[in-house]
2 protein chains.
Amino acid sequence: MKIGILGLGLIGGSLGFDLRSQGHYVLGVSRRESTCQKAMEIGSVDQASVDLSLLVSAELIFVCTPIGLIVPQIKELLPYLHKTTIITDVGSVKGPIVHSISPLWENFIGGHPMAGNTSMGIEAAQFNLFVNCPYVITPIDKTIKNNLTLLEEIVRSLGCNVYYCSPEQHDRAVSWISHLPVMVSAALIDACLNETDLEILELAQKLASSGFRDTSRVGGGNPELGVMMAQYNGQALINSLHKYRDHLDSFIKLIEEENWEVLGEKLLFNQHNRPRFL
Amino acid sequence: MKIGILGLGLIGGSLGFDLRSQGHYVLGVSRRESTCQKAMEIGSVDQASVDLSLLVSAELIFVCTPIGLIVPQIKELLPYLHKTTIITDVGSVKGPIVHSISPLWENFIGGHPMAGNTSMGIEAAQFNLFVNCPYVITPIDKTIKNNLTLLEEIVRSLGCNVYYCSPEQHDRAVSWISHLPVMVSAALIDACLNETDLEILELAQKLASSGFRDTSRVGGGNPELGVMMAQYNGQALINSLHKYRDHLDSFIKLIEEENWEVLGEKLLFNQHNRPRFL
């Protein structure tokens with residue numbers, strides 16, 4: 001079929017590669033002419049343009065812009081489309097997007113492939129980025145079943161594991177395992193950097209190894225992405241952060257009370273149960 | 001020279017491999033006969049025994065037992081030794097150990113190789129474990145200079161980068177970059193596991209990927225080690241935890257106030273400065 005991709009970054013560009021290799025005809029739109037050129041050169045899309053009207057003939061469109069642009073870009077796009085065109089997005093927050101677009105477009109379905117890495121842009125696009133990744137689809141009551149079936153089929157062809165849930169369930173789940181870790185990790189970097197004894201700070205920087213590196217990784221990532229998570233998933237994130245702080249406080253209390261037995265039990269429980277997330 | 005190793009786990013066993021390959025004669029002591037046999041079989045030591053008296057002829061002894069056993073085991077060992085024998089340990093906390101042993105043995109030097117991984121036991125021992133790792137040596141006023149020179153020379157021969165600081169400076173620095181991350185990460189696992197809506201919990205477990213995996217890694221590690229950090233480095237750790245909580249609170253406040261500008265600045269500052277720890 002003819003598939004449109006709006007936003008040719010890591011996700012959009014990689015989708016293009018896989019969809020073309022499945023035999024689909026891929027139309028790509030980017031805000032930058034140079035990105036369009038690059039996407040055609042590397043073979044991620046069949047045709048590309050900075051002009052939204054390129055997508056008029058697409059039967060299905062993946063919106064892969066940064067999260068803050070998804071709703072405004074879809075609104076700009078709608079006037080060009082046939083009523084039957086199916087639109088889906090790949091944003092990492094679902095509630096605000098689904099509830100903004102669904103009233104405007106009955107053939108909209110929210111989605112979120114849990115793929116990607118720290119690389120960005122069309123240059124980072126690759127084949128098979130989505131193999132074995134979770135792909136969450138977030139229908140609502142009025143979502144049209146045939147559209148879901150079609151989207152699921154295409155997503156499965158990328159090698160994804162498909163999960164269904166409501167937009168709100170998605171946002172609460174990712175606030176725990178994706179957005180909360182960013183803030184927890186960011187506060188760690190912040191706290192370490194603010195050691196006022198410079199000899200200690202310098203020594204800490206020399207001695208830091210894999211423990212610090214791993215725990216601080218996501219907190220030292222793309223700042224725009226961190227802000228977007230907070231901005232678009234604020235309520236779920238604030239809820240997770242408050243609960244996290246309660247658990248942190250109970251660790252502090254156990255250490256202050258020198259309650260090694262209960263501290264050991266908690267750490268053992270974590271060690272046993274962490275693999276359920278992996 | 002003749003070098004003793006008390007405690008034949010990952011660190012002790014790996015030290016044995018490297019020291020033997022440098023031409024030293026290595027005497028190993030473990031509490032378990034089977035570990036002694038294994039250490040000899042794989043060539044990590046020249047001789048091994050469950051009996052501390054094996055170490056009587058060693059000129060330098062590395063104490064590589066779990067941290068809680070370092071002080072009691074050294075106390076048990078002292079009666080067997082010549083007054084000139086140099087003792088050093090590899091414990092990840094230095095203040096309590098150095099201040100317990102120094103009054104009893106003038107030829108004691110505290111040390112801490114920042115090496116290791118999640119594997120444990122003599123089976124995990126390997127050549128070149130210490131290459132490019134920081135090795136902290138923590139002398140005090142009365143530490144004998146010739147002993148320091150000798151220890152530094154041997155530690156450098158393992159490929160380590162040697163740093164000197166006081167035991168207290170060491171403990172404060174590692175509380176930031178090693179012990180705090182464990183508790184921060186443990187509280188994350190704890191908070192996620194305690195989501196009471198089982199549908200959300202199950203979904204979170206299905207969707208968790210590299211962000212959760214990395215941020216939760218050290219909090220899901222060896223529980224005994226986590227307790228030991230808190231037990232032996234309690235004061236520095238409590239101080240770090242309280243400061244961490246203040247920084248966490250300011251992230252929560254920024255998100256609650258929807259202050260995206262300052263949140264973005266903080267995340268950008270982290271992104272720029274995290275590499276100073278790597």
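Labels below follow one simple rule: chain letters A, B, ... track the order of the sequence lines, proteins then strands, and each chain is numbered from 1.
- Between chain B and the options D246(A), L237(A), V174(A), D197(A), heavy-atom pairs under 4.5 Å are most frequent for D197(A).
- Within 6.0 Å of CD in E257(A) there are more than 12 heavy atoms belonging to other residues, nucleotides or ligands.
- Rounded to the nearest 0.5 angstrom, Q205(A) CD and I177(B) CD1 are separated by 10.5 Å.
- Looking only at heavy-atom pairs under 4.5 Å with chain B, the residue among S175(A), S240(A), G221(A) that has the most is G221(A).
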For residues 269-278 of chain B, run the donor-acceptor check on the side chains, cut-off 3.5 Å, and write out each pair with its distance to 0.1 Å, sequence neighbours left out.
residue	atom	partner	partner atom	Å
N270(B)	ND2	A186(A)	O	3.1
N273(B)	OD1	R276(B)	NH1	3.0
N273(B)	ND2	F269(B)	O	2.8
R274(B)	NE	S216(A)	O	3.2
R274(B)	NE	S216(A)	OG	2.7
R274(B)	NH2	R213(A)	O	2.8

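- For V227(A), the parts sitting under 4.5 Å from any heavy atom of chain B are the backbone and the side chain alike.
- Residues T215(A) and R217(B) fail the side-chain proximity criterion, which asks for heavy atoms closer than 4.5 Å.
- Here the shortest heavy-atom pairing between G264(A) and P223(B) reads O-CB, 4.0 Å.
- Neither the backbone nor the side chain of E258(A) has a heavy atom closer than 4.5 Å to any heavy atom of chain B.
- Looking at L241(B) and F251(A), their side chains never come closer than 4.5 Å, going by heavy atoms from C-beta outward.
- Atom-to-atom distance recorded for H170(A):NE2 and I200(B):CD1 is 10.5 Å, nearest 0.5 angstrom.
- In this structure, L267(A) and G219(B) approach most closely via the heavy-atom pair CD2-O, 4.3 Å.
- Using a 4.5 Å cut-off between heavy atoms, Y163(A) contacts chain B through its side chain alone, with no backbone atom that close.
- Side-chain contact check for K206(A) versus M114(B): every heavy-atom pair is 4.5 Å or farther apart.
- The minimum heavy-atom distance linking C165(B) with L203(A) is given by the pair SG-CD2, 3.5 Å.
- Contacts from residues 124-141 of chain B to chain A, taken as heavy-atom pairs separated by less than 4.5 Å, involve P134(B), V136(B) in sequence order.
- In terms of heavy-atom pairs under 4.5 Å with chain A, the best-connected choice from H242(B), M183(B), Q235(B) is H242(B).
- Going from atom CG of D214(A) over to atom OG of S185(B) covers 9.0 Å, rounded to the nearest 0.5 Å.
- The two residues A173(B) and L207(A) make their nearest non-hydrogen contact at CB-CD1, 4.4 Å.
- Closest approach of P181(B) and G211(A) over heavy atoms only: CB-O, 4.3 Å.
- For residues 177-196 of chain A, the pairs satisfying salt bridge (charged side-chain N to carboxylate O under 4.0 Å, His left out) are D190(A)-K266(B), E195(A)-R172(B), with sequence neighbours left out.
- Residue pairs satisfying the salt bridge (charged side-chain N to carboxylate O under 4.0 Å, His left out) criterion with at least one member in residues 219-240 of chain B, sequence neighbours excluded, are absent.
- Between chain B and the options L254(A), L263(A), L248(A), V218(A), the largest number of non-hydrogen pairs under 4.5 Å is found for L248(A).
- Residue N194(B) touches chain A through its side chain alone, counting heavy-atom pairs closer than 4.5 Å.
- Of the residues considered (K243(A), M228(A), E199(A)), E199(A) shows the highest number of contacts with chain B, using heavy-atom pairs under 4.5 Å.
- Counting heavy-atom pairs closer than 4.5 Å to chain A, the top-ranked of the candidates E265(B), R245(B), E202(B) is R245(B).
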